[in-house]
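Basis for what follows: all heavy atoms, side chains included, without hydrogens, waters or symmetry-related copies. Just so you know, these numbers come straight off a predicted model, no measurement behind them.
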Amino acid sequence: MNAPVEAKDWDIKLTVGYASDRGLKRQLNEDSLIAVEPIFAVADGMGGHEAGEIASGICVRTLGESSIIGTHAPRFSAADLEELLQSADEHIRAETGGRAGTTLSGVVFVEESGMPYWLFFNVGDSRTYRLSQGRFGQISVDHSEVQELVDRGHITQEQAAGHPRRHVITRALGTGDDSEADYWLMPVEMGDRILICSDGLSTELSEEQIYAVLSSVANPQQAADELVQETLRHGARDNVTVIVVDAHGVDGDDLQTTAPRLLDPEAERS
């Protein structure tokens, strides 16, 4: 049996970039974000008349008031995170009377079984992607009517991109009957790059276009800026917010871990 791995053997430096824009069609930016280690998340408010901005703001402030803020790789479970999101849901409902809500997607950098892990979470149709060892894909699963049609085999993923009800979500914090988040726990791998975004990015740019930027722009802040600018060039019909998080060894080299690989994302989704 292998001996436990000490923290000094996998100490990690996270570098982060983020950007947000109201877009070319909206008067207000109802997106909010938090990018303070170990929590990185984007909330996309909805409700109109500034209510969406209130909901997303309450959500990220609740995350920012967590006791783990400023902690490097805390021991923090999905159950702990669930309590935090329930608190955000309650605060939004109390403040807005259930008339406004927000999506939420992101990741917490945690320690699990003595090793570094990403604890991903998602409610609604904001998204989290991962670029890892040349593989790129969406980790989160949209909570939307269109995604349910895809899951049932009624339409293809390509048809979903232009479906007239693609913005109708089935889960949100602060409003509706279902505010339950999904969670995924995955080991940190060498040179991981995480992208978190509101649907203002994913509805304007294809995964191929997103990958092209993430794989070619090394600096995370420049990558975040370029993704927003590319969205504006494509019309930016909605608010757009992105966070890019890179994981490296403390000496700047890419990280290599021996963390056990969990099941593939499809099997892990709850």
Side-chain angles (χ1 to χ4, degrees), residues 7 12 14 16 18 31-45 55-95 101-130 138-143 169-189 192 194-198 241 243-245 247 259-263 265-270:
I12 298 166
L14 300 182
V16 185
Y18 53 86
D31 290 353
S32 298
L33 67 86
I34 179 171
V36 182
E37 194 171 342
I39 302 178
F40 307 91
V42 169
D44 182 354
S56 67
I58 292 172
C59 182
V60 299
R61 282 196 300 274
T62 302
L63 294 175
E65 292 166 358
S66 168
S67 61
I68 65 170
I69 287 295
T71 305
H72 186 70
R75 295 181 179 178
F76 188 73
S77 69
D80 297 325
L81 181 54
E82 184 176 22
E83 288 186 11
L84 197 56
L85 298 190
Q86 286 176 346
S87 178
D89 179 66
E90 292 169 1
H91 289 165
I92 295 168
R93 291 177 190 272
E95 182 71 21
T102 185
T103 68
L104 180 69
S105 195
V107 68
V108 185
F109 176 63
V110 301
E111 177 186 336
E112 177 69 27
S113 302
M115 293 301 297
Y117 275 80
W118 301 115
L119 174 56
F120 296 100
F121 56 96
N122 188 73
V123 184
D125 63 353
S126 290
R127 293 183 175 181
T128 299
Y129 296 88
R130 184 187 193 189
Q138 182 179 343
I139 299 297
S140 60
V141 177
D142 294 351
H143 298 137
I169 65 172
T170 55
R171 297 189 205 176
L173 295 176
T175 190
D177 297 326
D178 195 346
S179 59
E180 183 178 359
D182 289 336
Y183 306 93
W184 304 267
L185 188 65
M186 300 182 187
V188 177
E189 303 230 359
D192 272 357
I194 307 300
L195 168 66
I196 308 160
C197 64
S198 59
T241 299
I243 302 173
V244 178
V245 184
R261 183 183 296 278
L262 303 185
L263 300 173
E266 288 296 335
E268 290 174 64
R269 287 169 180 152
S270 58

What is the minimum heavy-atom distance between Gly106 and Thr128, and which atoms define it?
N-OG1, 3.4 Å
May I ask you to test the Phe76-Ile39 pair for a side-chain heavy-atom distance under 4.5 Å?
no
Residues in side-chain contact (heavy atoms from CB on, under 4.5 Å) contact with Glu95, at least two apart in sequence or another chain
Ile54, Ile58
Under the rule for salt bridge (charged side-chain N to carboxylate O under 4.0 Å, His left out), what residues qualify as partners of Asp178, not counting sequence neighbours?
Arg171
Could you list the residues that satisfy side chain to side chain donor-acceptor pair (under 3.5 Å) with Ser87, not counting sequence neighbours?
none
Testing the 3.5 Å rule here: is there a donor-acceptor pair between the side chains of Thr103 and Ser126?
yes
Leu185 side chain near Val110 side chain, heavy-atom distance below 4.5 Å:
yes
Return the minimal non-hydrogen interatomic distance between Phe120 and Met186, and the atom names on each side.
CE1-SD, 3.9 Å
Pairwise side-chain contact, Leu104 with Leu63, heavy-atom cut-off 4.5 Å (strictly under)
yes
Give, for atom SG of Cys59 and atom NE2 of His91, the distance between the pair rounded to the nearest 0.5 Å.
11.5 Å
Which heavy atom of Gly174 sits nearest to which heavy atom of Asp89, and what is that distance?
N-OD1, 2.6 Å
How close do Gly64 and Ile69 get, heavy atom to heavy atom, and via which atoms?
O-CG1, 3.3 Å
Can you pull out every salt bridge (Lys or Arg N to Asp or Glu O under 4.0 Å) where at least one residue sits in residues 67-78? Sequence neighbours excluded, please.
Arg75-Glu111
Filter on salt bridge (Lys or Arg N to Asp or Glu O under 4.0 Å), then keep only pairs touching residues 55-67, sequence neighbours left out; what's left?
none
Which heavy atom of Trp184 sits nearest to which heavy atom of Ser140, and what is that distance?
CH2-CA, 3.6 Å
Closer than 3.5 angstrom, by distance alone: can the side chain of Ser66 be matched with the main-chain N or O of Ile68 as a donor-acceptor pair?
yes
With Val60 via side-chain contact (heavy atoms from CB on, under 4.5 Å) - residues at least two apart:
Ser32, Ile34, Ala43
Side chain to side chain donor-acceptor pair (under 3.5 Å) partners for Ser179, two or more places apart
none
Test side-chain contact (heavy atoms from CB on, under 4.5 Å) applied to Glu82 - qualifying residues, sequence neighbours left out:
Gln86, Tyr183
Report the residues that fulfil side-chain contact (heavy atoms from CB on, under 4.5 Å) with Ala35, sequence neighbours left out, ordered by chain and then residue number.
Val16, Tyr18, Leu33, Phe40, Ile243
Once you round to the nearest 0.5 Å, how far does CG of Asp182 lie from CD1 of Ile139?
12.5 Å
Please assess Val245 against Trp118 for the test side-chain contact (heavy atoms from CB on, under 4.5 Å), listing each intermediate value before the final yes or no.
CA-CA 11 Å; Val245 184; Trp118 301 115; 4.2 Å; yes
Minimal heavy-atom distance between Thr102 and Gly45, with the atoms involved, is OG1-N, 3.6 Å
Counterpart residues, ring pair (Phe, Tyr, Trp, His ring centres under 6.0 Å), relative to Tyr129 (two or more places apart):
Phe136
For Asp31, check side chain to side chain donor-acceptor pair (under 3.5 Å) against everything at least two apart and list the hits.
Ser198, Thr241
Can you name the residues that form a side chain to side chain donor-acceptor pair (under 3.5 Å) with Glu37, not counting sequence neighbours?
His72
Qualifying residue for side chain to side chain donor-acceptor pair (under 3.5 Å) with Ser105, from Asn122, Asp44, Asp142
Asn122
